[in-house]
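Please read the structure below before turning to the comments.
Along the sequence shown, the residues carry numbers beginning at 1. Every number for a ligand or one of its atoms is a count from 1 in the order of the listing. Remember, it's a predicted structure, so these values are computed and weren't measured experimentally.
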Amino acid sequence: MKFPKDFFLGAASASYQVEGAWNEDGKGVSNWDVFTKIPGKTFEGTNGDVAVDHYHRYKEDVKLMAEMGLDSYRFSVSWPRIIPDGDGEINQKGIEFYNNLIDECLKYGIVPFVTLYHWDMPEVLEKAGGWTNKKTVDAFVKYAKACFEAFGDRVKRWITFNETIVFCSNGYLSGAHPPGITGDVKKYFQATHNVFTAHARSVIEYKKLKQYGEIGITHVFSPAFSVDDKEENKAAAYHANQYEITWYYDPILKGKYPEYVIKNIEKQGFLPDWTDEELNTLREAAPLNDFIGLNYYQPQRVIKNHDTGEKIERTRENSTGAPGNASFDGFYRTVKMDDKTYTKWGWEISPESLILGLEKLKEQYGDIKIYITENGLGDQDPIIEDEILDMPRIKFIEAHLRAIKEAISRGINLKGYYAWSVIDLLSWLNGYKKQYGFIYVDHKHNLDRKKKLSFYWYKKVIEERGKNI
Ligand code: BGP
């Protein structure tokens, strides 16, 4: 089987992780500009001030993408570049940058797939309560409209938010991301609801503009599986999926919240403050979503957690995806299993779980169009005689593309695959050491770009439409 012509073989990035130019051409300060400067927050104090300088080198980068043959490039727009103070004037220089980037992609026939929010928010808004403040919702809708109006003639695929669960849980539960708050469950749920409302309102606004493109959201997809057949562990996996999948997917695709979670959090006093109008907006927007984007890196293996009293210290390392933690409510725990394979950063490698997860998703949400908007291997690539021989990445992506083929043959409506990431970039908390790209960036030599072995391999895969996968 080959990947059909209308299946995008692409790759992705995000503004803060690649652009740099953090204070150029009128860009406002973002929450990440501030957060990464707090001692101890990131690996060796790394930040995105310069990142890989995509802001200045986008032409060179897009040219490399064209050489690779990418069907599509997923990137994000930096909100503070467009509206520096969050809610005021539009910065024309910011619009100009993305106009240039979009035009450069189109010049080579690369379809731009644009994310509006990949975590960098104007600091002014963060200071005023960020996603817990409903004014942020209004500001976001205004920003989204500004982007639709400026770029919508050429951009026909929009993602509102990237991984709500990650920025909300790290922002308000573990404190590993801005605003760095720990253990505030009420704020966590409020933030998620406000994001869903911002998404719904933006979708409605987009459809009103009649630009005839697609719009959706990107969620983490880490389906939970019980480690065995014990009832209590199966209940733990059910609980994990309700809190981490259903809570996120239902309000978007069904326009309502799952009863199971509502009942629990109502008892605990964590129900978000919501209005009938907001709940109606969710219902109105749900059928207007054109697709759902999934970021799949790994599944979760879970057991019932018995030591509920214990407070688990989350470190930078274990808060970024490696198993070993109890859930915030102490109900379940993720575990590492002896018979599974893990990356250097402790993330499980399991293409089969993607297929199983997609089948369950189909049972819950039917035939909604799906893009895998991120998937990839974080590694320290071997350099041998100046060549970057990233064989493990090739194996990883190949295995996942094979799983995608299998899922398609089982009737899953998959329409694209975006490898994370197109180029080596700043890992939010793990600096530049954790590499994901097809293109290497030499931090010792002027940020020079170099093609990795995987670059040539992916080029061939695209040329052959995956025939030999
Ligand atoms: C996702 C994010 C990406 C990227 C990726 C890898 O959660 O959407 O922006 O960072 O994970 O994560 P990390 O850099 O922590 O390995």
- Query: For residues 390-399, which residue pairs qualify under side-chain hydrogen bond (donor to acceptor under 3.5 Å, both in side chains), counting only residues two or more places apart or in two chains?
  - Reply: Asp381-Arg393, Asp390-Arg393, Asp390-Ser454
- Query: Side chain of His219, backbone of Tyr248: donor and acceptor closer than 3.5 Å?
  - Reply: yes
- Task: Using a 4.0 Å heavy-atom threshold (strictly under), name the region of Ala14 that reaches ligand 1: side chain, backbone, both or neither.
- Result: neither
- Item | Close-contact set for ligand 1 against His118 heavy atoms, below 4.0 Å | 2 (C), 3 (C), 8 (O), 9 (O)
- Task: Taking Asn289 for its side chain and Ile252 for its backbone only, find out whether a donor-acceptor pair lies under 3.5 Å.
- Result: yes
- Region of Trp420 engaging ligand 1 - heavy atom pairs below 4.0 Å: side chain
- Out of Tyr297, Trp345, Phe43, whose heavy atom sits nearest atom 5 (C) of ligand 1? Tyr297
- Query: ligand 1 versus Asn162, non-hydrogen atoms closer than 4.0 Å: side chain, backbone, both, neither?
  - Reply: side chain
- Task: May I ask you to identify the nearest protein heavy atom to atom 7 (O) of ligand 1, giving residue, atom name and distance to one decimal place in Å?
- Result: Glu163 OE1, 2.5 Å
- Task: Could you tell me which atoms of ligand 1, counted from 1 in the order shown, lie closer than 4.0 angstrom to a heavy atom of Lys434?
- Result: 13 (P), 16 (O)
- Query: Side chain, backbone, both or neither: which part of Tyr16 comes within less than 4.0 Å of ligand 1 when only heavy atoms are counted?
  - Reply: neither
- Query: At what distance is the nearest protein heavy atom to atom 2 (C) of ligand 1, and which residue and atom is it?
  - Reply: Glu374 OE1, 3.4 Å
- Task: Ignoring hydrogens and angles, tell me if any N or O in the side chain of Ser72 forms a donor-acceptor pair with the backbone of Val111 under 3.5 Å.
- Result: yes
- Between Asp53 and Arg57, is the closest basic N to carboxylate O distance under 4.0 Å? yes
- Heavy atom of the protein closest to atom 15 (O) of ligand 1 (residue, atom name, distance): Ser427 OG, 3.6 Å
- Gln300, Gln298, Arg301 screened by side chain to side chain donor-acceptor pair (under 3.5 Å) with Ser353, the one that passes: Arg301
- Message: I'd like to check whether Tyr436 has a polar contact with ligand 1, where a contact means an N/O of the residue lying under 3.5 Å from an N/O of the ligand.
- Response: yes
- Counting both backbone and side chain atoms, is some N or O of Trp347 under 3.5 Å from an N or O of ligand 1? no
- Contacts of Glu352 meeting side-chain contact (heavy atoms from CB on, under 4.5 Å) (sequence neighbours excluded), chain-then-number -> Ser350
- Answer yes if the side chains of Asp33 and Asn23 hold a donor-acceptor pair under 3.5 Å, and no otherwise. no
